[in-house]
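Since the structure comes first, as structure tokens, the remarks are kept for the end.
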Amino acid sequence: MALLEVRDLSVVFARRGEPPVTAVDGISFDVEPGRTVGLVGESGCGKSVTSLTIMGLLPPRGAEVSGSVRFDGTELLGLPQRELDQRRGRDLGMVFQDPLTSLNPVVPIGLQVAEVIERHRGTRRRAAMSEARGLLRRVGIPDPDRRLKEYPHQLSGGMRQRALIAMALACRPRLLIADEPTTALDVTIQAQILRLLAALVAETGTALIMITHDLGVVAGLCDEVNVLYAGRVVERAGRHELFARPRHPYTAGLLSSIPRLDVPRGQRLTPIRGSVADNIPWDAGCAFCPRCPNALDVCDQRPPEPGVDGAGRLLRCHNPVRQTSPVQTSPDERRRRHG
Ligand SMILES: Nc1ncnc2c1ncn2[C@@H]1O[C@H](COP(=O)(O)OP(=O)(O)OP(=O)(O)O)[C@@H](O)[C@H]1O
């Protein structure tokens with residue numbers, strides 16, 4: 001059974017004097033224990049609203065939420081706040097993109113981690129501090145005895161992100177949601193943090209939802225990738241299939257926007273044209289249609305229904321990319337081939 005089952009989740013924000021915004025529009029996906037699932041898409045496609053809804057952290061007023069979010073068989077939507085807080089503390093953890101705003105600037109790092117352990121597991125201060133030291137070491141913070149006493153501003157960006165991961169792990173969550181955890185970091189530190197997350201997932205068996213605008217980030221980490229566009233999943237496939245044969249023109253565009261060294265001669269990067277401001281509403285057709293290189297007449301007349309092929313790939317497109325042989329090689333595949 002899936003650890004997390006999201007079914008037909010929709011989130012609509014009411015705005016005074018303006019039409020409502022449908023941030024999430026009928027999203028469904030599962031996360032199995034120990035698996036890593038990516039939610040990928042451009043800014044504004046609904047990634048963060050989805051994760052905040054799962055965590056029960058959406059502002060209580062102004063958002064109309066429908067659908068179902070079941071964690072280990074329990075419906076989380078509509079759960080009384082107390083029970084949700086307990087579950088969040090015990091089973092669900094989150095790593096946000098900006099550690100400086102997520103960490104308390106006036107509390108030393110070690111104490112922040114220890115307080116999470118104390119609050120959620122009832123551990124005494126001394127034992128919690130000792131466990132915090134171990135966690136800081138585990139997430140790769142050098143000299144944890146010293147760092148324990150330091151404040152967030154005394155740590156580098158990468159170390160702050162590691163501290164945040166330590167805090168999220170302090171409750172030993174069964175599901176961790178990482179929302180753009182590497183966006184604020186430079187490229188080498190990004191790679192280190194991604195390796196750390198992969199190692200922690202393998203070691204602890206925690207399920208992970210990885211939220212990012214960058215398909216390159218999920219390339220080495222996710223078992224399965226959901227590509228979101230304007231609040232809907234437009235393609236879902238295992239990482240290898242998605243990278244080898246993207247079928248939705250949006251996925252293909254995202255993939256070809258990743259700079260790579262092994263692009264076949266003559267094939268150029270073809271970034272997606274336009275912006276989300278060009279979208280049409282889903283009830284009129286495919287929201288991506290005005291930006292789509294494959295658009296047909298039907299695309300701005302009728303919304304595409306999602307279909308699932310024999311290999312389990314979900315696709316929502318009237319005119320998918322047709323490929324008979326792989327044109328892209330996933331980073332994993334390249335590593336495997338080249339050792
Ligand atoms: N409180 C709110 N009130 C009104 N609209 C909102 C609110 N929060 C989010 N939205 C809108 O919902 C849509 C989805 O936002 P969301 O933050 O989930 O996107 P995202 O894919 O996570 O983008 P980013 O990577 O920029 O955070 C956007 O159009 C956004 O403007």
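Both ligands and their constituent atoms are indexed starting at 1 by order of listing.
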Pair Tyr229-Glu42, side-chain donor/acceptor within less than 3.5 Å
no
Donor-acceptor list for residues 293-305 side chains, cut-off 3.5 Å, not counting sequence neighbours:
unit_1 : atom_1 : unit_2 : atom_2 : d
Asn294 : ND2    : Asn319 : O      : 3.0
Gln301 : NE2    : Asp297 : O      : 3.3

Contact region, Glu42 to ligand 1, non-hydrogen atoms below 4.0 Å, reads backbone
Do Val95 and Asp179 come within less than 4.5 Å of each other through their side chains, counting heavy atoms only?
no
Are Arg147 and Gln154 close enough that a side-chain donor and a side-chain acceptor fall under 3.5 Å?
no
Quick one: nearest non-hydrogen protein atom to atom 27 (O) of ligand 1, plus distance?
Ser48 OG, 3.4 Å
Please list the nearest protein heavy atom to atom 26 (O) of ligand 1 with its residue and the distance rounded to 0.1 Å.
Ser43 OG, 2.5 Å
Suppose we measure from atom 18 (O) of ligand 1 to each protein heavy atom; which comes out shortest, and what is that distance?
Val49 N, 2.9 Å
Is there a donor-acceptor contact under 3.5 Å linking the side chains of Thr182 and Gln161?
no
Starting from atom 28 (C) of ligand 1, what is the nearest protein heavy atom, named by residue and atom, and what distance separates them?
Gly44 O, 3.8 Å
The protein heavy atom nearest to atom 25 (O) of ligand 1 is Lys47 NZ, 3.2 Å
Closest protein heavy atom to atom 12 (O) of ligand 1, given as residue, atom name and distance to 0.1 Å:
Ala23 CB, 3.1 Å
Does the protein come close to atom 31 (O) of ligand 1 - that is, does one of its heavy atoms sit below 4.0 Å from that atom?
no
Which residue supplies the protein heavy atom nearest to atom 11 (C) of ligand 1, what is that atom called, and how far is it?
Val21 CG1, 4.0 Å
Any idea which protein heavy atom is nearest atom 10 (N) of ligand 1, and the distance to it?
Phe13 CE1, 3.7 Å
